[in-house]
2 protein chains.
Amino acid sequence: MRKRETVKRATAKEVAAAAGVSKWTVIRAFTPGSSITEESKRRVMEAAAALNYSPNLLARSLATNSTRQVAVFVDDFANPQKLPVLETLTEQLQAAGLVAMLININNHFDHVHALLHADQRQVDAVILFGTAFRDETLTDRQLGHTLPPMFVLARDSQIEGVPAVVCDAELALRDIVNHLYEKGYRRPAFMSGATALSTALRRKQHFTEFWAEKGIEVVDYLSAEKYSAEAGAISVRNYLSVTAAADRADVLMCENDILAFGAMDEIRGKFGLRIPEEIAIVGFDNYELGGSHAYSLTTYEQPRHEMVRAIIAMILGTVEAETVTLPGKLVIRNST
Amino acid sequence: MRKRETVKRATAKEVAAAAGVSKWTVIRAFTPGSSITEESKRRVMEAAAALNYSPNLLARSLATNSTRQVAVFVDDFANPQKLPVLETLTEQLQAAGLVAMLININNHFDHVHALLHADQRQVDAVILFGTAFRDETLTDRQLGHTLPPMFVLARDSQIEGVPAVVCDAELALRDIVNHLYEKGYRRPAFMSGATALSTALRRKQHFTEFWAEKGIEVVDYLSAEKYSAEAGAISVRNYLSVTAAADRADVLMCENDILAFGAMDEIRGKFGLRIPEEIAIVGFDNYELGGSHAYSLTTYEQPRHEMVRAIIAMILGTVEAETVTLPGKLVIRNST
DNA sequence: CACCTGCTTGCACCCGGTAGCAAGATGTTT
DNA sequence: AAACATCTTGCTACCGGGTGCAAGCAGGTG
């Protein structure tokens, strides 16, 4: 590791010597609201500027037991939706004087590793962003005693006492189903990703439920291997090749936009069907590309700014830490 | 800020008391290669396990003057290409025992802020990922004395003494032009993004140069307002509306895939032209979506694994820190 | 002028580790 | 059994700040 042998950072003690005061006075000059005369402060600040001094946050963190660092766990970089949320998250964390440690959860670095590591680094909080683990993972491994506070973002919490911030799936699906109903669709189908995520299950469940309220049954349930365009394409290919034109759904809701993109490519490319005339498509998440001409996908946008705001408020402790559900908004385009 | 008043982490001193040794022996038990008897180590480890002890990395960092944290500056979250690189970067950093601090450079938090902040946090290095600033920024603000070592990733360095890791643009454009030439295209055009990035300029310049080597002149240069599908669409719309069919280029290379997507939507949607028969398209960066049916875009993939490996080797000091240029690979699809 | 109040300032001690020295323990050699 | 080499262990000092107390100092009051 390349050390910083070059030029050492100035310390409070050195600034103190230069300003002719004690190091505590220097520290006070840099601590808002502490009792110090204007004169002393001015002298300290001059000396500090001359020496290019700024407090060492590492030392401060050690002394105050607060690093103002937040670990962000991410395990699915394939989902392009992660990027805008990461942007919002880092921006708002920074605005709150916090900083994000981005942790990649993968085969070589699992949740337990990551948690222990984050704990060793004394982070003030951990955000499980779109990822989660079973409660047992904590208890099995005898963790949980000294762990930093955790929060789940954009996914249901599976851990007792760990709050989550999620988009209101019930409202979302109600909006979607209402929209489809008004557009005249009567033969809905639903495509889910493989994993048995509670957030995913809930979308499917509400989709079914709200159609049922209108006296309509969901005609087909498709499932994709994973969340990728390829998997969405395969799933819809299987469906269309075994389903007679008359028995086909007139609208297919895909659990997220990525699946929808793959499905649309396949529907138009391989099967030559027109969207939305022959089959309409709905996605979820509003990826940037859904807005392009090629797709123009009707989808649902999660309220990421509000979600991030909510989770940061909990981290800062300005609001009680409890699971919250926020409303997003329906984005209607040409695929329906 | 929610403090960790709950259960305090055990310290080496406490473990020492429990194990009946001094705290230094505890430290030795946790320091690979230090001299300690098997017996002592076993007793320490037992006590440590009972108390759930693990060393406080903050304190260690303070004492060793090495945090094993790397700040990663990102300023353009609109580019979806950032995500796979971030994945590779975090994965490899973690494998090397480092961790990424993700810093969002924006209007409220500029390079200077971010650098000072990263410095205060004593990061071991700063990676300028796809972002850079002028050399003057450093000297103007009297920075540069105590700053952590910096490295530029996926962009040219504009700072004296700061190395960069980039994709070999010359090789890339040579491959692209050769491919287009072999395919029989003879009327090339180039679309650039607005900003005068050196990496961007170089693509354009080499594009021109390699066509010239074949005795062919680039027939048109388009420019987009920024790097977005929308801007690409507008740029190509302007071009096609003022250019007679006979005068049109037969292949358009876009500076990156996002521009290409927008251009393709417009070309097919608004102008009803077929790709590649009436006009072929080439992008750059190989975004995941370029592989979908809807686009099937010929593009060029930057060697992100190798680039990340190279930059981490420099950070670790296992290789000399100097600008390196790595070869990527041409990805040929149906748009040419 | 003595006394009280309130703001500044310096100090001892603390946060939880690390480095390097020296004393203590152990084992080996002659 | 004495002398020596080697490994363990504990200790002092230190990384660069923060906390809370008490002394120092000012101004206002009786």
Side-chain angles (χ1 to χ4, degrees), chain A residues 1 3-5 7-44 47-48 51-69 119-124 146, chain B residues 1 3-5 7-44 47-48 51-69 119-124 146:
Chain A
M1 174 68 52
K3 283 271 183 69
R4 7 167 111 219
E5 298 125 20
V7 186
K8 275 195 52 181
R9 290 171 52 86
T11 70
K13 207 194 288 185
E14 288 161 18
V15 175
V21 296
S22 71
K23 74 164 187 174
W24 296 277
T25 302
V26 173
I27 290 178
R28 287 190 181 99
F30 281 88
T31 309
S34 63
S35 93
I36 183 172
T37 53
E38 276 306 310
E39 167 64 9
S40 304
K41 187 162 183 174
R42 193 187 50 72
R43 282 172 53 195
V44 168
L51 295 173
N52 226 303
Y53 169 81
S54 64
N56 180 329
L57 295 187
L58 216 54
R60 172 179 294 176
S61 295
L62 181 61
T64 59
N65 196 29
S66 152
T67 54
R68 303 198 72 83
Q69 281 197 285
D119 186 41
Q120 280 196 278
R121 292 216 182 248
Q122 317 292 105
V123 299
D124 285 347
T146 71
Chain B
M1 172 69 54
K3 284 272 182 71
R4 4 167 113 219
E5 300 124 22
V7 187
K8 275 196 51 181
R9 291 171 51 89
T11 70
K13 206 194 286 185
E14 288 160 19
V15 174
V21 296
S22 70
K23 74 165 187 174
W24 296 277
T25 301
V26 172
I27 306 266
R28 287 190 181 100
F30 280 87
T31 308
S34 64
S35 93
I36 184 173
T37 53
E38 277 307 310
E39 167 63 10
S40 305
K41 186 162 184 174
R42 191 186 52 72
R43 282 173 53 195
V44 168
L51 295 174
N52 225 303
Y53 169 81
S54 64
N56 180 328
L57 295 187
L58 217 54
R60 172 178 295 175
S61 295
L62 181 61
T64 58
N65 195 30
S66 151
T67 53
R68 304 199 72 82
Q69 281 197 286
D119 187 41
Q120 279 196 280
R121 292 217 181 248
Q122 317 291 104
V123 299
D124 285 347
T146 71

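FYI, side chains are in, hydrogens and waters are out, and symmetry mates aren't considered; it's all heavy atoms of this structure. Below, chain A is the first sequence line, B the second, and so on; all start at residue 1.
- In this structure, of D:dG18, C:dG10, C:dG17, it is C:dG10 that holds the atom nearest to the side chain of A:Val21.
- Taking for each of B:Thr37 and B:Ala63 the nucleotide of DNA chain D with the nearest heavy atom, the 5'-most of the two is the partner of B:Thr37.
- Within the nucleic acid shown, B:Thr11 comes within 4.0 Å of sugar-phosphate atoms alone, with no base atom in reach, counting heavy atoms only.
- The residue B:Tyr53 sits close only to the backbone: its heavy atoms come under 4.0 Å of sugar-phosphate atoms, none of a base.
- Here the closest heavy-atom approach between residue A:Leu51 and residue A:Ala18 is recorded as CD1-CB, 4.0 Å.
- Contact annotation: side chain of A:Lys23 to base of D:dG17, donor-acceptor pair present below 3.5 Å.
- Checking D:dG18, C:dG17, D:dT9 against the side-chain heavy atoms of B:Ile36 singles out D:dT9 as nearest.
- Among the nucleotides D:dG17, D:dC15, C:dG20, the one closest to the side chain of B:Arg28 is C:dG20.
- For the pair A:Arg121 (side chain) and B:Leu58 (backbone), a donor-acceptor distance under 3.5 Å is absent.
- DNA chain D is contacted by both B:Ser40 and B:Ala59; B:Ser40 maps to the nucleotide lying nearer its 5′ end (nearest heavy atom per residue).
- Checking the phosphate oxygens (OP1, OP2) of D:dG16, a side-chain nitrogen or oxygen of A:Lys8 falls inside 4.0 Å.
- Between A:Glu39 and A:Arg42 there is a salt bridge, since a side-chain N of the basic residue sits under 4.0 Å from a carboxylate O of the acidic one.
- For the pair B:Gln69/B:Asp124, no side-chain contact is recorded, criterion being any heavy-atom separation below 4.5 Å from C-beta on.
- At the phosphate of D:dG10, OP1 or OP2 sits under 4.0 Å from a side-chain N or O atom of B:Thr25.
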